[in-house]
Undergrad: 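Structure below; questions to follow.
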Amino acid sequence: EADIYQTPRYLVIGTGKKITLECSQTMGHDKMYWYQQDPGMELHLIHYSYGVNSTEKGDLSSESTVSRIRTEHFPLTLESARPSHTSQYLCASSESTRGGGDEKLFFGSGTQLSVL
Amino acid sequence: KNQVEQSPQSLIILEGKNCTLQCNYTVSPFSNLRWYKQDTGRGPVSLTIMTFSENTKSNGRYTATLDADTKQSSLHITASQLSDSASYICVVSDRGSTLGRLYFGRGTQLTVWP
């Protein structure tokens with residue numbers, strides 16, 4: 001069982017609202033990631049972090065921002081939500097290795113966001 | 001273009017039957033391939049990892065195969081159970097960067113009926 005938690009599980013908000021999706025892991029993993037997943041589609045990487053004070057944009061352009069002030073915490077923020085942001089957001093972490101993508105990802109249960 | 005294609009898109013089988021899911025990839029250079037199981041409303045969970053030198057690997061009733069020459073992998077599920085109902089996602093990693101970029105398939109949605 002992975003020790004990575006996301007809150008809230010479900011969120012329905014109106015257009016223009018600012019939201020923060022929370023993600024915490026207790027495994028001490030250096031690397032953390034945010035993915036976006038729509039039904040029947042592949043996961044798209046929107047942000048990742050190598051460790052504290054490290055954040056990078058992923059492959060999919062996103063209007064969200066992230067921060068990594070503590071190893072265990074990797075929140076994602078949308079300053080002004082729009083209906084196009086409606087999606088499932090998955091947080092993941094992995095142990096730091098020598099590199100090369102060999103790490104196994106541990107995923108949270110996701111946040112299903114609906115913007116009206 | 002690096003891609004991961006999975007088939008079938010969806011599959012319905014009866015409890016107790018076997019099934020095989022396919023994954024074809026064009027990712028190069030190849031590092032490894034993982035199969036993940038994603039239950040409805042949950043995040044994906046890793047089932048197995050295949051590296052270049054491995055042909056077959058089992059995890060309980062799940063058996064993964066890899067043919068690095070043809071760039072194909074399969075996931076065989078034996079004696080299916082209702083709890084096997086989930087989306088199975090194939091993920092391929094390349095060696096092209098320090099991060100080791102991951103390429104995700106769209107998944108096969110498996111439904112097991114009693």
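A, B, ... follow the sequence lines: proteins, then strands. Residue 1 opens every chain. Everything numeric in this text was worked out from a predicted model, so none of it was measured.
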Undergrad: Does A/Leu116, at its CG atom, have more than 12 non-hydrogen atoms belonging to other residues, nucleotides or ligands within less than 6.0 Å?
TA: yes
Undergrad: At a 4.5 Å cut-off on heavy atoms, which part of A/Gln37 comes close to chain B: side chain, backbone, both, or neither?
TA: side chain
Undergrad: Measure the spacing between CZ of B/Arg42 and CZ of A/Phe107 and express it to the nearest 0.5 Å.
TA: 13.5 Å
Undergrad: Tell me whether B/Phe52 shares a hydrophobic cluster with B/Leu66, the cluster being built from Ile, Leu, Val, Met, Phe, Trp, Tyr side chains joined at under 4.5 Å.
TA: yes
Undergrad: Among residues 104-114 of chain B, which ones touch chain A with a heavy-atom distance under 4.5 Å?
TA: B/Phe104, B/Gly105, B/Arg106
Undergrad: Nearest 0.5 Å, what's the OG1-NZ distance between B/Thr48 and A/Lys104?
TA: 10.0 Å
Undergrad: When rounded to the nearest 0.5 angstrom, what distance separates CG in B/Leu102 from OH in A/Tyr33?
TA: 7.0 Å
Undergrad: Between A/Gln112, A/Arg9, A/Gln88, who has the most heavy-atom pairs with chain B when the cutoff is under 4.5 Å?
TA: A/Arg9
Undergrad: If you group Ile, Leu, Val, Met, Phe, Trp and Tyr by side-chain heavy-atom gaps below 4.5 Å, do A/Tyr89 and A/Ile13 land in one group?
TA: yes
Undergrad: Give the minimum heavy-atom separation between B/Gly43 and A/Leu90, together with the two atoms involved.
TA: CA-CD2, 4.0 Å
Undergrad: Same cluster or not: are B/Leu33 and B/Leu21 linked, directly or through other Ile, Leu, Val, Met, Phe, Trp or Tyr residues, by side-chain heavy atoms under 4.5 angstrom apart?
TA: yes
Undergrad: Between B/Tyr36 and chain A, which part of the residue has a heavy atom less than 4.5 Å away: side chain, backbone, both or neither?
TA: side chain
Undergrad: Is it possible for you to say whether B/Val27 and B/Val91 belong to one hydrophobic cluster, with membership spreading through side-chain heavy-atom contacts below 4.5 Å?
TA: no
Undergrad: Quick check: is B/Tyr62 connected to B/Ile89 through a chain of hydrophobic side chains (ILVMFWY, heavy atoms under 4.5 Å apart)?
TA: no
Undergrad: Can you tell which part of B/Gln6 gets under 4.5 Å to a heavy atom of chain A, answering side chain, backbone, both or neither?
TA: neither
Undergrad: What part of A/Leu43 lies closer than 4.5 angstrom to a heavy atom of chain B: side chain, backbone, both or neither?
TA: both
Undergrad: Should B/Arg101 and A/Asp59 count as side-chain neighbours, where that means a heavy-atom distance under 4.5 Å?
TA: yes
